Novice: 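Here it is, the structure, as structure tokens.
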Amino acid sequence: MKRVNIEDKKVVGVSFRTKDGDKFVKVNKEAIVSGGAVNSPQILMLSGIGPKDHLREIGIDCIADLPVGKNLQFATGTNATEGVALIKTGLEESEAPDIQIVHFLGEFYPSGPVTSAQSAHVYNDPKFFPLKNYDNTSEERMRKVGFSLFVCLLHPKSIGEVKLRSKDPLDPPIINPNYLDDPYDVKALIEGIRFAKRVTETKAMASFECQFHCMKMPDSTHDEWSDEHLEQVVRHYAQTVYHPTSTCKMGATEDKTAVVDPQLRVLGIQGLRVIDASIMPNVTSGNTNAPAIMIGEKGADLIKIGRQE
Ligand SMILES: Cc1cc2nc3c(=O)[nH]c(=O)nc-3n(C[C@H](O)[C@H](O)[C@H](O)COP(=O)(O)OP(=O)(O)OC[C@H]3O[C@@H](n4cnc5c(N)ncnc54)[C@H](O)[C@@H]3O)c2cc1C
């Protein structure tokens, strides 16, 4: 799908490309954009729906000035599933947990360019995580029996953005995740690491002669458990867990940060909905696939209700 075609603020068709070339289908009722948190904003912006200044910069006429692509949220983790813990660091007053110890993986999580058989593990694939983020002690560690605790920040305050690179639908959009921009995110991850250490120091774990392996920064002059060293650890080792959301945020019609209304209809445009993880107002407390499926189910119901009205 290249773009939706809009006339007088009403969707009239969809342009797309197949192996046989460019095609156009007429839309009689409505079009659904469901490209995910990166590509849905791209399709909307290519269609003239997005921040006016950015569209002007790219040379696209703005049909609806909406904060498309803003509010990009990614869960961030420092380091895969036998158990899960949701914890509150207490850094902020909130009913919701802000850290998830996602994975109580029954092996050492590979964090280096390992050459053993376990290097086949997907997480050690440079396609997923660039090698420069790895330490080089993992080969030794992976020969030992162990487990990994994956500290995951659930509600990052650092907000990113998806923008167009050009008018060409085949040009990948610019994704600026803005990781760890807000100091709260670093502090919360540090508290998560300290919590993980406390888990290894419990009576239950003592029976396994458990030893916590902190990823020491080789050149750091700071004490291993100081905030300063742990901030270096977080900033060096943190990686995404690939849960982008919220770039076509759902909100009330008067909400200036919203792109779609609670029925998932693009504000100010007739006959256009976005139905995917991009509509989440905020990233969920946990993994995003099941909520994205739920959004799809709810979206399907909303379309059916709309057609009965
Ligand atoms: C590597 C990785 C690992 C993950 N692991 C987990 C996990 O363990 N647990 C979990 O809960 N979540 C996980 N997620 C997140 C989860 O996959 C997403 O939250 C979920 O798939 C979002 O659903 P969506 O419908 O919004 O977008 P998507 O699933 O991305 O669907 C968008 C679809 O639109 C298509 N598309 C995009 N642009 C266009 C276009 N222009 N024209 C036509 N089609 C287009 C794409 O090919 C894709 O099929 C992971 C994500 C990644 C990338």
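Read the numbers this way: they start at 1 and go in the same order the structure lists the ligands and their atoms. Sequence positions, counted from 1, serve as the residue numbers for this chain. Heavy atoms only: backbone and side chains are in, while hydrogens, waters and symmetry mates are out. Since the structure is predicted, the reported quantities are computational estimates derived from the model, not experimental observations.
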Novice: I'd like to know if the side chain of Asp261 and the backbone of Thr253 have a donor-acceptor N/O pair within less than 3.5 Å.
Specialist: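 Judged by distance alone, no pair lies under 3.5 Å.
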Novice: Purely on distance, is any nitrogen or oxygen of Asp276 under 3.5 Å from one on ligand 1?
Specialist: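 So ligand 1 has no N or O lying under 3.5 Å from an N or O of Asp276.
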Novice: Quick check: does any side chain N or O of Arg273 sit under 3.5 Å from a backbone N or O of Arg265, one acting as donor and the other as acceptor?
Specialist: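 No: the side chain of Arg273 does not pair with the backbone of Arg265.
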Novice: Any carboxylate oxygen within less than 4.0 angstrom of a Lys/Arg side-chain nitrogen, looking at Asp22 and Arg17?
Specialist: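 Counted as a salt bridge, because a side-chain N and a carboxylate O are separated by less than 4.0 Å.
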Novice: Is the count of non-hydrogen atoms from other residues, nucleotides or ligands lying under 6.0 Å from Lys187 atom NZ greater than 12?
Specialist: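 Incorrect, the count does not exceed 12.
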Novice: Got a list of side-chain donor-acceptor pairs under 3.5 Å for residues 7-16, not counting sequence neighbours?
Specialist:
residue	atom	partner	partner atom	Å
Lys9	NZ	Ile63	O	2.8
Ser15	OG	Asn5	OD1	2.8
Ser15	OG	Asn5	ND2	3.4

Novice: Just go through Thr240, Val241, Asn289, Val274 and tell me whose heavy atom is the nearest to atom 11 (O) of ligand 1.
Specialist: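 When every heavy atom of Thr240, Val241, Asn289, Val274 is considered, Asn289 comes closest to atom 11 (O) of ligand 1.
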Novice: Hey, is ligand 1 close enough to Thr288 that some N/O pair sits below 3.5 Å?
Specialist: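 By distance alone, the answer is yes.
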Novice: Is it true that atom CD of Glu201 has more than 12 heavy atoms of other residues, nucleotides or ligands lying nearer than 6.0 Å?
Specialist: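 Above 12, so yes.
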Novice: Which atoms of ligand 1 are found less than 4.0 Å from any heavy atom of Asn39?
Specialist: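 Within the 4.0 Å cut-off of Asn39, ligand 1 contributes 37 (C), 38 (N).
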Novice: Listed by chain and number, what are the salt bridge (Lys or Arg N to Asp or Glu O under 4.0 Å) partners of Arg235, not counting sequence neighbours?
Specialist: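 Once residues adjacent in sequence are excluded, the partners of Arg235 under the salt bridge (Lys or Arg N to Asp or Glu O under 4.0 Å) criterion are Glu231.
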Novice: Please list, in number order, the atoms of ligand 1 under 4.0 Å from a heavy atom of Ala277.
Specialist: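 Listed by number with element: 26 (O).
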Novice: Select one of side chain, backbone, both or neither to describe which atoms of Thr245 lie under 4.0 Å from any atom of ligand 1, heavy atoms only.
Specialist: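 Neither; nothing of Thr245 gets under 4.0 Å from ligand 1.
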Novice: For atom 42 (N) of ligand 1, which candidate among Met1, Gln42, Arg17 holds the nearest heavy atom?
Specialist: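 The option holding the nearest heavy atom is Met1.
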Novice: Show me which atoms of ligand 1 lie under 4.0 Å from any heavy atom of Gly36.
Specialist: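 The list of qualifying atoms is 26 (O), 27 (O), 32 (C).
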Novice: Given Met280, Lys2, His243, which one has a non-hydrogen atom that is nearest to atom 13 (C) of ligand 1?
Specialist: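 Closest candidate by heavy-atom distance is His243.
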Novice: Between Arg56 and Asp61, is the salt bridge (charged side-chain N to carboxylate O under 4.0 Å, His left out) condition met? List the steps.
Specialist: CA-CA 7 Å; Arg56 191 186 297 129; Asp61 289 338; over 6 Å; no
Novice: For ligand 1, note which part of Ala292 has a heavy atom under 4.0 Å away: side chain, backbone, both or neither.
Specialist: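 Side chain only.
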Novice: Using heavy atoms and a threshold below 4.0 Å, how should the contact between Ser34 and ligand 1 be classified: side chain, backbone, both, or neither?
Specialist: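 The backbone, only.
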